[in-house]
Amino acid sequence: QLQLVEYGGALVHPGGRLRLSCEASGFTLDHYDIGWFRQAPGKEREGVICVSSSGSSINYTDSVKGRFTISRDNAKNTVFLHMSRLKPEDTAVYYCAANYKPNSDYCTIQPHYGLWGRGTQVIVSS
């Protein structure tokens, strides 16, 4: 069974940092573009950041540039979302998603992904 599971959601103070993990089971992430998405209460799901399967391309939404990064650890079959200088408006359920695209050098933060995790809650509040 192909599965993605997110870990690391927590309550964090404004200005703090957090690392989310996206672990794959049933398949290897090497040939997949990976995207992180989030959905705040009452809002539509939005794309946050993505990394191409080759690792050569990363795309961001403007609101997280300079604060969020993404990294792949193919040996651990995991992708990480590194968040810093968190703001209350970053509060949301965060989802990772995978799209099979071997040797990809471009990824999208549009929700055109075939496999999704169930999400992990991030709350930024004092």
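Grouped by direct or indirect side-chain proximity (heavy atoms under 4.5 Å, Ile/Leu/Val/Met/Phe/Trp/Tyr only), Val93 sits with Phe37, Tyr95, Tyr113, Trp116.
Separation of atoms OH (Tyr106) and OG (Ser52) is listed at 10.5 Å; rounding is to 0.5 Å. To the nearest 0.5 Å, atoms OG1 (Thr28) and CG (Asn74) are separated by 8.0 Å. To the nearest 0.5 angstrom, Arg72 atom CZ is 11.0 Å from Tyr32 atom OH. Going from atom CZ of Arg45 over to atom CZ of Arg38 covers 13.0 Å, rounded to the nearest 0.5 Å. Ser126 OG to Leu11 CG: the interatomic distance, rounded to the nearest 0.5 Å, is 9.5 Å. A distance of 8.5 Å separates CG in Leu81 from CG in Leu18, rounded to the nearest 0.5 Å.
Looking only at distances, no side-chain donor or acceptor of Glu44 sits under 3.5 Å from a matching main-chain atom of Gln39. Distance alone, capped at 3.5 Å, places no donor-acceptor pair between the Asp105 side chain and the Ser57 backbone.
Residue pairs satisfying the disulfide bond (SG atoms under 2.5 Å apart) criterion with at least one member in residues 16-86, sequence neighbours excluded, are listed as follows: Cys22-Cys96, Cys50-Cys107. Annotation: side chain to side chain donor-acceptor pair (under 3.5 Å) contacts involving residues 2-19, sequence neighbours excluded, are absent.
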Given the rule in the side chain to side chain contact (heavy atoms under 4.5 Å, CB included) test, do Ile109 and Tyr60 qualify, once you have shown the distances and angles that lead to the verdict?
CA-CA 7 Å; Ile109 55 172; Tyr60 307 78; over 6 Å; no
Determine, stepwise, if the pair Arg118 / Leu4 fulfils side chain to side chain contact (heavy atoms under 4.5 Å, CB included).
CA-CA 8 Å; Arg118 292 188 174 184; Leu4 292 171; over 6 Å; no
Leu2 vs Tyr100, side chain to side chain contact (heavy atoms under 4.5 Å, CB included): CA-CA, chis, key distance, verdict
CA-CA 12 Å; Leu2 307 183; Tyr100 183 69; over 6 Å; no
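Across all their heavy atoms, Asn103 and Ser54 have their closest contact at C-CB, 4.5 Å. In terms of heavy atoms, Thr91 sits closest to Val124 at OG1-N, 2.9 Å. For the pair Ser84 and Arg67, the tightest heavy-atom approach, listed with the atom from each and the gap, is OG-O, 2.8 Å. The two residues Leu20 and Trp36 make their nearest non-hydrogen contact at CB-CH2, 3.7 Å. Residues Ile70 and Ile34 share a closest heavy-atom pair of CD1-O, 4.1 Å.
Put simply, the side chain of Tyr94 does not reach to within 4.5 Å of the side chain of Gln121, judged on heavy atoms. Counting heavy atoms from C-beta outward, Pro88 and Pro14 have side chains that approach closer than 4.5 Å.
Both Leu29 and Val51 are assigned to one and the same hydrophobic cluster, defined by single-linkage of ILVMFWY side chains at heavy-atom distances under 4.5 Å.
Between the side chains of Asp33 and Ser104, at least one donor N or O lies within less than 3.5 Å of an accepting N or O.
Under a 4.0 Å N-O distance rule, the pair Asp90/Lys87 does not qualify as a salt bridge.
Checking each of Thr61, Ile58, Asn59 against Ile49 for a side-chain contact (heavy atoms from CB on, under 4.5 Å) leaves exactly one that passes, namely Ile58.
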